[in-house]
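This report concerns only the one structure given below.
Note that these values count all heavy atoms, side chains included, but never hydrogens, waters or copies made by symmetry.
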Amino acid sequence: MLQGDEVVRALLTAVVTLEDLVKAGADSQMALSTLEEIAFELGKMDSGEGRRFIEALDRVAATEPDRAAWIRDVPSALGLEHI
């Protein structure tokens, strides 16, 4: 694990929890708003930061084969296709 991967893991934990709340309907509007705020903040990354974020996601996904596809799809799910 490289420096920063733990931050990516923490972010993924938050995203999956918020997605579950949206699906369950419990506080879904607040959860959706929070996901949108996360996407907005991540969308501020420049191309180098975006590349390092994707690399970190790939490293984390490689250690979690059961969730690898979901992890690699997080940027797209958040509307961050440009990174």
How about E64 and L12: do any of their side-chain heavy atoms sit closer than 4.5 Å? no

In sequence, state the C-alpha distance, the side-chain angles, and the governing distance for K44 and E41, and then conclude on salt bridge (Lys or Arg N to Asp or Glu O under 4.0 Å). CA-CA 5 Å; K44 294 178 182 178; E41 293 299 329; 3.3 Å; yes

What's the shortest heavy-atom distance between A61 and A68, and which atoms? O-CB, 3.5 Å

A side-chain contact here means heavy atoms from C-beta on lying under 4.5 Å apart; do L11 and V74 qualify? no

Gap between atom CZ of R51 and atom CG of D46 - 0.5 Å precision: 9.0 Å

Smallest heavy-atom separation, V60 atom then R9 atom, equals CG1-NH1, 3.7 Å

Walk me through whether L18 and I38 qualify under side-chain contact (heavy atoms from CB on, under 4.5 Å). CA-CA 11 Å; L18 291 165; I38 289 170; 3.8 Å; yes

From CZ (R52) to CD (E49), nearest 0.5 Å: 6.0 Å

What one should report as the nearest heavy-atom pair of V22 and A31 is CG2-CB, 3.7 Å

Test side-chain contact (heavy atoms from CB on, under 4.5 Å), reference L57, set D5, D73, I71, output is I71

Kindly give the heavy-atom pair with the smallest separation between G50 and M45, and that separation in Å. N-CB, 4.0 Å

Flag yes if V7 and F53 sit in one hydrophobic cluster, no otherwise; membership is Ile, Leu, Val, Met, Phe, Trp, Tyr, and two members link when side-chain heavy atoms are under 4.5 Å apart. no

Here the pair of heavy atoms bringing R72 nearest to A62 is NH2-N, 4.1 Å

Spatial distance of atom CG (L35) from atom CE (M30) [nearest 0.5 Å]: 12.5 Å

